[in-house]
Amino acid sequence: MIHDAARRIAPHVLRTPLIDSEPMAARVGCRVLIKAEHAQHTGSFKVRGALNAVLSLDAEARGLGIVTASSGNHGLAVATASAVADVPCRIHLPQGASAVKVDAIRRLGAEIVIVDSTDAYQAEVQARAASERGDGVYVSPYNDPHVIAGQGTVGVDLVADVATHERPPDAVVVAVGGGGLMSGVGMWLREHWPDVELVGASPANDAAMAASIAAGRVVEVEAAPTFSDGTAGGLEPDAITLGLCDGLVNRWITVDEHAIARACAAMIDDHRAVVEGAAGCALAAAAIHAADKPGATIAVVSCGGNVSSAALRRMLVAADAADAADAADAASPNA
């Protein structure tokens, strides 16, 4: 299914680069390979799954149009895929969704519905209800086999990219919200690199998947705001990604907001690349994992680059504050 998805979406996606990050390697003591999906069309890996789902629809389904929900990136991806397929779409968004993403969705001609909640999960509930009323075919951000297969094409590229290096990485780190990216990439990597360690990264402020796996069922978490808005929100009760992630992921790492901010700031300094908080979450988790695996080779998916200037400023301020606090601690006589 992932192989078919790769063929189907190939004309519409970029083969994003794999960055051998010498600056990050010097800091963490491991070789770090960064899959730069922040350079993908729409600024996120999400366009892969959306394209595969929309292009897989038959003529009758396309006639109904598309309805979906998203904190931003999936909505932008579905709007793009719908434009490619010439299918109308309606995107349900939570209050507070990134203005950069909302404006981009609107420019693509999609209809936008802002729901009466800041919770991305509530946007999903309302979008599903609209679909059940006959208002369009629902395309889930993660709970859909075609979406998962499309996201799995990141793994297809990664395996092909790493084939030019000495050996497969010891670990691959992926940011996890609903789990579609980890599910797709994980399935492909388990087939081609059976010994690779798969590391799921989530913000400590909103780690619904990790909490649900620990509980053995979908649970709600008391979420707080996070720079990693692309992974924010709860899981649908029937999320197929829960079982997939449970079977695939070897280690879960939760990351605090200062670490996310620092990782995003480092990407600007290291590679002149602006990435969003979800990518920073994966990069920060990779650094944590590296501390336990000195000398290893770690690949990390930098999943998106859609961050507003306001959010970027907040992250840079937070990163500076964390650096200043560390410097003060180091200078303290009691350190």
Side-chain angles (χ1 to χ4, degrees), residues 1-13 40-42 44-94 97 101-102 104-117 119-153 177-181 183-184 218 230 233-244:
M1 194 170 182
I2 295 173
H3 182 271
D4 290 340
R7 174 187 51 78
R8 185 176 293 117
I9 71 174
H12 309 290
V13 297
Q40 185 56 262
H41 290 316
T42 76
S44 166
F45 76 94
K46 289 280 191 177
V47 74
R48 294 172 180 266
L51 278 165
N52 192 49
V54 172
L55 294 176
S56 297
L57 295 174
D58 59 24
E60 181 179 357
R62 292 189 186 198
L64 294 173
I66 302 296
V67 61
T68 193
S70 168
S71 61
N73 280 340
H74 176 69
L76 180 57
V78 170
T80 299
S82 296
V84 167
D86 194 24
V87 176
C89 70
R90 182 185 298 110
I91 315 293
H92 291 243
L93 296 170
K101 298 172 187 177
V102 173
I105 291 169
R106 186 174 286 114
R107 284 195 298 271
L108 286 162
E111 180 184 348
I112 293 174
V113 178
I114 304 296
V115 305
D116 188 21
S117 174
D119 187 348
Y121 175 66
Q122 292 304 317
E124 292 176 28
V125 169
Q126 293 191 33
R128 274 199 178 275
S131 178
E132 290 168 1
R133 294 193 302 268
D135 290 344
V137 176
Y138 182 70
V139 176
S140 170
Y142 57 89
N143 195 19
D144 181 305
H146 287 99
V147 170
I148 291 169
Q151 317 306 26
T153 64
L181 178 60
S183 295
V218 173
L235 302 176
E236 295 177 343
D238 64 344
I240 58 176
T241 50
L242 178 63
L244 290 169

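All residue numbers refer to positions in the sequence shown, counting from 1. Not measured: the values here are computed from a predicted model.
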*Asks:* First locate atom OG of S183, then atom CG of D144, and finally report the distance between them rounded to the nearest 0.5 Å.
*Replies:* 12.0 Å
*Asks:* Of the options V147, L235, L181, which is the one that meets Y142 in a side-chain contact (heavy atoms from CB on, under 4.5 Å)?
*Replies:* L235
*Asks:* Which heavy atom of R128 sits nearest to which heavy atom of S140, and what is that distance?
*Replies:* NH2-CB, 4.4 Å
*Asks:* Kindly give the heavy-atom pair with the smallest separation between R48 and G150, and that separation in Å.
*Replies:* CB-O, 3.3 Å
*Asks:* Would you say E124 and Y138 make side-chain contact, with heavy atoms under 4.5 Å?
*Replies:* yes
*Asks:* Is any side-chain heavy atom of V102 closer than 4.5 Å to a side-chain heavy atom of L93?
*Replies:* yes
*Asks:* If you define the side chain from C-beta out and look only at heavy atoms, does anything of R8 sit under 4.5 Å from S56?
*Replies:* yes
*Asks:* Between R62 and L57, is there a donor-acceptor pair closer than 3.5 Å when you use the side chain of the first and the backbone of the second?
*Replies:* yes
*Asks:* Is the number of heavy atoms from other residues, nucleotides or ligands under 6.0 Å of D116 CG greater than 12?
*Replies:* no
*Asks:* Taking all non-hydrogen atoms of both residues, which atom of A130 and which atom of H92 are closest, and how far apart?
*Replies:* CB-NE2, 4.2 Å
*Asks:* Check whether Q40 reaches the backbone of F45 with its side chain - one donor and one acceptor, N or O, closer than 3.5 Å.
*Replies:* no
*Asks:* Write down the atom of A149, the atom of N52, and the distance for their closest heavy-atom approach.
*Replies:* CB-ND2, 3.8 Å
*Asks:* Taking the side chain as everything from C-beta on, heavy atoms only, tell me whether L51 gets closer than 4.5 Å to H41.
*Replies:* no
*Asks:* Take a 6.0 Å sphere around CG of D86 and say whether it holds more than 12 heavy atoms from other residues, nucleotides or ligands.
*Replies:* no
*Asks:* I need the T153 OG1 to I2 CD1 distance, nearest 0.5 Å.
*Replies:* 8.5 Å
*Asks:* Just how far is it from atom CD1 of I114 to atom CD of Q126, taken to the nearest 0.5 Å?
*Replies:* 11.0 Å
*Asks:* Please check if any side-chain donor atom of H74 sits under 3.5 Å from a side-chain acceptor atom of T68, or the reverse.
*Replies:* yes
*Asks:* Does any N or O in the side chain of T42 come within less than 3.5 Å of the main-chain N or O of L76, such that one atom is a donor and the other an acceptor?
*Replies:* no
*Asks:* What distance do D135 atom CG and I66 atom CD1 have between them, rounded to the nearest 0.5 Å?
*Replies:* 12.5 Å
*Asks:* Please name the pair of heavy atoms, one in A53 and one in V139, separated by the smallest distance, quoted to 0.1 Å.
*Replies:* CB-CG1, 3.9 Å
*Asks:* Looking at OG of S82 and CZ of R90, how far apart are the two atoms once the value is rounded to the nearest 0.5 Å?
*Replies:* 11.5 Å
*Asks:* Quick one, I148 and I240 - any side-chain contact, counting heavy atoms below 4.5 Å?
*Replies:* yes
*Asks:* Tell me the closest heavy-atom pair linking A69 and P141, and the distance in Å.
*Replies:* O-CG, 3.2 Å
